[in-house]
Amino acid sequence: MNVLVTGGAGYIGSHTCIELLEAGHTVTVIDNLSNSSLESLKRVKQITGKDVVFHEVDLLDKPALAKVLESDTFDAAIHFAALKAVGESVEQPITYYHNNVTGTLNLCEAMANVGLKNIVFSSSATVYGTPKSLPLTEDADTPIEEVTNPYGRSKLMVEWALKDIHTSDGDWNIALLRYFNPVGAHKSGLIGEDPQGPPNNLMPYVSQVAVGKREKLSVYGDDYATPDGTGVRDYIHVVDLAKGHVKAIEKLATKPGVVVYNLGTGQGYSVLEMVKGFEAASGKDVPYQIIERRAGDIASCYADPEKAKSDLGWQAELGLRDMCEDSWRWQSQNPDGYKQAS
Ligand code: NAD
Ligand code: UFG
């Protein structure tokens, strides 16, 4: 298939480009490089030996977007492009809603204008708010008032907008993929997560402590109702996640209408289990201190991944050891991320 990938220079997007190319698909990337570097796509080529067509375009620039859509005939779009920093979204709600919601509407409009009506959307487990029961199945409630920040609400708003688009025009096929906690990096150590400034998420922070860039990890609370008191999450290797997208575009080719899948492993790990796993994989100490809970955090969150398994034939194959070893290979080979290369 000929696939348009928005946000393809980013963390999950660049890993997905590799899996698409290796599965024999062709790829065109749109990215405004606001949170990424072209170096990631150079490395995609280094890993696969295949080219990606790249357009430096912002989804808010409608004429430029239309030009890209008119430049080729695509079979499906995978839509990663979004701003994703939870704290920043609280400070800058207009920017976040505009980028994530308006950006998606612009994309859908440009797609509809050329008759392209197959889209995979990067949603998030954050849409479930505080889980009523675990593991989370796709039919669990997604109450917007329980989603604690504009970033999360932008994901839920886009889910609803896409469902409404399908209601208005049944030719659309839409896969809403709710990711749990993506971590890890490609086995080559050439691409990985490259956060700008202090990382907000656990695993990049742990990696930066292990490599000596940061002194110690702050663990946000050890008084949750979990086995060791620290938060439990469903960490999923980014390469497994990327493979889920290849399955999703294949599913869209069967014209399923709107489909929703959790992409997780079904296994929860605590913060302290992740720290221990990382120490074992890296051979480095990860000093930490326990501090107060972070506002908006929940105790536990993990997926029931059965629906993706039965419907898509997809399941996560890589475990905690791979997640930690691969994060460490990327971090230790690229202590300053893509910066040192550019
Ligand atoms: P990322 O920031 O690495 O990638 C997003 C890419 O989109 C970046 O390359 C950025 O430059 C680009 N972009 C942003 N706004 C754009 C715009 N208006 N026009 C063009 N390009 C734009 O993030 P990621 O971790 O790879 O996340 C990819 C998607 O998955 C996002 O939609 C994110 O919300 C979602 N998601 C991520 C996580 C996670 O923990 N990483 C969890 C759940 C969902
Ligand atoms: N944590 C720490 N210290 C840190 C960072 C995180 O103790 O420095 C803890 C958190 O309290 C939580 C766990 O590690 O218990 C995971 O936190 P992350 O910030 O890595 O991930 P979240 O589950 O909070 O959220 C992430 C993304 C969201 C996304 C969600 C579900 O940031 O955007 O996963 O996919 F919606």
Side-chain angles (χ1 to χ4, degrees), residues 5-16 29-38 40-41 55-61 64-65 78-87 89 95-96 98-100 102-104 106-107 121-128 147-149 151-152 154-155 158 177-183 192-196 198-206 208-209 214 216-222 224 226 230-236 238 241-242 245 262-264 268-272 274-275 288-303:
V5 180
T6 77
Y11 172 46
I12 305 170
S14 56
H15 286 83
T16 302
V29 167
I30 294 181
D31 201 302
N32 65 1
L33 303 179
S34 60
N35 195 39
S36 55
S37 137
L38 255 192
S40 65
L41 292 180
H55 299 277
E56 186 172 341
V57 163
D58 193 312
L59 293 183
L60 298 178
D61 181 348
L65 193 54
I78 305 182
H79 177 33
F80 293 106
L83 295 172
K84 63 164 186 177
V86 170
S89 78
T95 303
Y96 267 67
H98 201 43
N99 195 77
N100 294 2
T102 314
T104 304
N106 288 350
L107 175 66
F121 173 61
S122 296
S123 189
S124 166
T126 197
V127 300
Y128 293 117
V147 180
T148 53
N149 56 78
Y151 163 73
S154 77
K155 291 287 160 190
V158 169
L177 302 184
R178 294 177 179 157
Y179 311 157
F180 282 66
N181 289 57
V183 297
E193 190 167 9
D194 183 21
Q196 312 300 308
N200 300 306
N201 298 116
L202 179 66
M203 280 299 268
Y205 207 102
V206 167
Q208 292 194 6
V209 172
R214 301 195 186 271
K216 60 181 165 206
L217 171 73
S218 292
V219 175
Y220 299 137
D222 66 350
Y224 285 104
T226 61
T230 65
V232 167
R233 296 289 184 276
D234 185 338
Y235 297 94
I236 173 168
V238 66
L241 189 67
H245 292 74
N262 285 339
L263 295 185
Y269 288 108
S270 74
V271 175
L272 295 183
M274 294 306 285
V275 168
Y288 66 85
Q289 60 178 349
I290 309 284
I291 64 164
E292 66 277 12
R293 291 180 178 195
R294 181 172 65 178
D297 271 358
I298 51 178
S300 295
C301 178
Y302 49 92

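Whatever order the structure lists them in is the order used to number ligands and atoms, beginning at 1.
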> Below 30° counts as parallel, above 60° as perpendicular, anything between as tilted: where do the rings of F121 and H79 land?
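Because their plane-to-plane angle lies in the 30° to 60° range, the rings of F121 and H79 count as tilted.
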> Can you list the ligand 2 atoms lying under 4.0 Å from a non-hydrogen atom of R294?
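Within the 4.0 Å cut-off of R294, ligand 2 contributes 10 (C), 17 (O), 18 (P), 19 (O), 24 (O).
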> Quick one: which of V86, I12, L41 has a heavy atom closest to atom 26 (O) of ligand 1?
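Going through V86, I12, L41 one by one, I12 has the nearest heavy atom to atom 26 (O) of ligand 1.
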> Would you check the N or O atoms of T126, main chain and side chain alike, for any that come under 3.5 Å of an N or O of ligand 2?
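No.
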> Indicate, as side chain, backbone, both or neither, the part of S123 found under 4.0 angstrom from ligand 1 when only non-hydrogen atoms are considered.
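Near ligand 1, S123 shows its backbone, while the atoms from C-beta on stay back.
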> Roughly how far apart are K84 NZ and N35 CG, rounded to 0.5 Å?
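The CG atom of N35 is 6.0 Å from NZ of K84, to the nearest 0.5 Å.
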> Looking only at heavy atoms, is any part of T6 under 4.0 Å from ligand 1, and if so is it the side chain, the backbone, or both, or is it neither?
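For T6, no heavy atom sits under 4.0 Å from ligand 1.
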> Of all the atoms in ligand 2, which lie at a distance below 4.0 Å from a heavy atom belonging to D297?
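Listed by number with element, the hits are 10 (C), 11 (O), 24 (O).
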> Considering non-hydrogen atoms of the protein only, which is the closest contact for atom 29 (C) of ligand 1, and what is the distance?
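The protein heavy atom lying closest is F80 O, 3.3 Å.
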> Distance to 0.1 Å, residue and atom name: give those for the protein heavy atom nearest to atom 3 (O) of ligand 1.
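Nearest protein contact, heavy atoms only, for atom 3 (O) of ligand 1 is Y11 N, 2.8 Å.
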> Report the part of T126 in contact with ligand 1, treating N, CA, C, O as backbone and CB onward as side chain, heavy atoms under 4.0 Å; options are side chain, backbone, both, neither.
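Answer for T126: neither.
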> Between the candidates T226, N181, L272, L217, which shows the shortest non-hydrogen contact distance to atom 22 (P) of ligand 2?
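Considering heavy atoms of T226, N181, L272, L217, the nearest to atom 22 (P) of ligand 2 sits in N181.
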> Which heavy atom in L60 sits nearest to a heavy atom in D58, and how many Å separate them?
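The pair with the smallest heavy-atom distance is N-OD1, 2.8 Å.
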> Only heavy atoms count here, so choose which of Y151, Y179, F121, F180 is nearest to atom 33 (C) of ligand 1.
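Going through Y151, Y179, F121, F180 one by one, Y151 has the nearest heavy atom to atom 33 (C) of ligand 1.
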> Under a 4.0 angstrom heavy-atom cut-off, which atoms of ligand 2 come close to N200?
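Per the distance check, 5 (C), 19 (O).
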> What protein heavy atom sits nearest atom 30 (C) of ligand 2, and how far away is it?
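Atom 30 (C) of ligand 2 sits closest to the protein heavy atom S124 OG, 4.0 Å.
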> Using a 3.5 Å cut-off on N or O atoms only, is H79 in polar contact with ligand 1?
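Such a contact does not occur with ligand 1.
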> How does P182 reach ligand 2, if at all, at less than 4.0 Å between non-hydrogen atoms: by side chain, backbone, both, or neither?
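The answer is neither; P182 stays 4.0 Å or more away.
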> What atoms of ligand 2 come within less than 4.0 Å of a heavy atom belonging to F180?
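Going through ligand 2 atom by atom, the ones under 4.0 Å from F180 are 31 (C), 35 (O).
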> For the 3.5 Å polar cut-off, considering only N or O atoms, please tell me whether N32 and ligand 1 meet it.
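Yes, N32 has an N/O under 3.5 Å of an N/O on ligand 1.
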> Might you point out which heavy atoms bring N200 and A85 nearest each other, and give the distance in Å?
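Between these two residues, the closest heavy atoms are ND2-CB, 3.9 Å.
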> Contact between N181 and ligand 1, counting heavy atoms under 4.0 Å?
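Judged by the 4.0 Å heavy-atom criterion, N181 does not count as contacting ligand 1.
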> Around atom 4 (O) of ligand 1, find the nearest protein heavy atom and jot down its residue, atom name and distance.
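In this structure, atom 4 (O) of ligand 1 has G10 CA, 3.5 Å as its nearest protein heavy atom.
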> Ignoring angles and geometry beyond distance, decide whether K84 reaches within less than 3.5 Å of ligand 2 through its nitrogen or oxygen atoms.
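No, since none of the N or O atoms of K84 sits under 3.5 Å from an N or O of ligand 2.
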> Does ligand 2 have any atom that is closer than 4.0 Å to a heavy atom of Y224?
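Y224: no contact with ligand 2 (<4.0 Å).
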> Can you tell which part of R293 has a heavy atom less than 4.0 Å from ligand 2: side chain, backbone, both or neither?
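Answer for R293: neither.
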> Please list the nearest protein heavy atom to atom 9 (C) of ligand 2 with its residue and the distance rounded to 0.1 Å.
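Nearest neighbour among protein heavy atoms for atom 9 (C) of ligand 2, to 0.1 Å: V271 CG2, 3.6 Å.
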> Do any N or O atoms from the side chain of N201 and from the backbone of M203 form a donor-acceptor pair under 3.5 angstrom?
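Side chain of N201 to backbone of M203: no pair is present.
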> For G296 and T148, which heavy atoms make the closest approach, and how far apart are they?
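Here G296 and T148 meet closest at O-OG1, 3.9 Å.
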> Among Y220, Y288, Y179, whose heavy atom sits nearest atom 7 (O) of ligand 2?
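The option holding the nearest heavy atom is Y220.
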> Does only the side chain of N201 get under 4.0 Å from ligand 2, or the backbone, or both, or neither? Count heavy atoms.
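It is both parts that get close, each with some atom under 4.0 Å.
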> Show me which atoms of ligand 2 lie under 4.0 Å from any heavy atom of V219.
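Listed by number with element: 7 (O).
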> Which atom pair, heavy atoms only, marks the closest approach of S122 to F80?
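Closest pair (atom of S122, atom of F80, distance): OG-CD2, 3.1 Å.
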> Return the minimal non-hydrogen interatomic distance between I30 and V57, and the atom names on each side.
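Answer, listing the atom of I30 first, then V57: CG2-O, 3.4 Å.
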> Can you report which non-hydrogen protein atom sits closest to atom 19 (N) of ligand 1, along with the distance?
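Result: L59 N, 3.0 Å.
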> Quick test: of every protein heavy atom, which one is nearest to atom 3 (N) of ligand 2, and how far off is it to 0.1 Å?
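Result for atom 3 (N) of ligand 2: S218 O, 2.7 Å.
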> Report the member of K84, E193, H55, H98 with the shortest heavy-atom distance to atom 23 (O) of ligand 1.
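That would be K84.
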> At under 4.0 Å between heavy atoms, is it the side chain or the backbone of N99 that contacts ligand 1, or both, or neither?
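Contact part for N99 vs ligand 1: side chain (C-beta onward).
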> How does L202 reach ligand 2, by side chain, by backbone, by both or by neither, if only non-hydrogen atoms under 4.0 Å count?
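It is both backbone and side chain that touch ligand 2.
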> Name the option, out of P182, P204, S40, A82, that contains the heavy atom nearest to atom 40 (O) of ligand 1.
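That would be P182.
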> Quick one: which ligand 1 atoms are inside 4.0 Å of a heavy atom on S124?
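Checking each atom against S124, I get 43 (C), 44 (C).
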> Checking a contact table here: which protein heavy atom is nearest atom 12 (C) of ligand 1, and how many Å away?
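Ranking protein heavy atoms by distance from atom 12 (C) of ligand 1, first comes D31 OD1, 3.3 Å.
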> Quick check on contacts: which atoms of ligand 2 are under 4.0 angstrom from a heavy atom of R233?
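Result: 12 (C), 15 (O), 16 (C), 22 (P), 23 (O).
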> Distance to 0.1 Å, residue and atom name: give those for the protein heavy atom nearest to atom 28 (C) of ligand 2.
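Going by distance alone, atom 28 (C) of ligand 2 is nearest to Y151 CE2, 4.4 Å.
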> Counting non-hydrogen protein atoms only, what is the nearest one to atom 2 (O) of ligand 1? Give residue, atom name and distance.
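For this ligand atom, the closest protein heavy atom is N35 ND2, 2.7 Å.
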> Test your reading of the structure: does Y205 have an N or O sitting under 3.5 Å from an N or O of ligand 2?
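In fact, backbone or side chain, Y205 has no N or O that close.
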> Check whether any heavy atom of Y235 sits under 4.0 Å from an atom of ligand 2.
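True for this residue.
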> So, for S154 and N100, which heavy atoms are closest and what is the spacing to 0.1 Å?
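Scanning both residues, the minimum pair turns out to be OG-ND2, 3.1 Å.
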> Short N/O distance, under 3.5 Å, between K155 and ligand 1?
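Right, the criterion is met.
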> Identify, by atom number and element, the atoms of ligand 1 in contact range of S34, meaning under 4.0 Å from any of its heavy atoms.
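Numbered from 1, ligand 1 contributes 10 (C), 11 (O), 13 (N), 14 (C).
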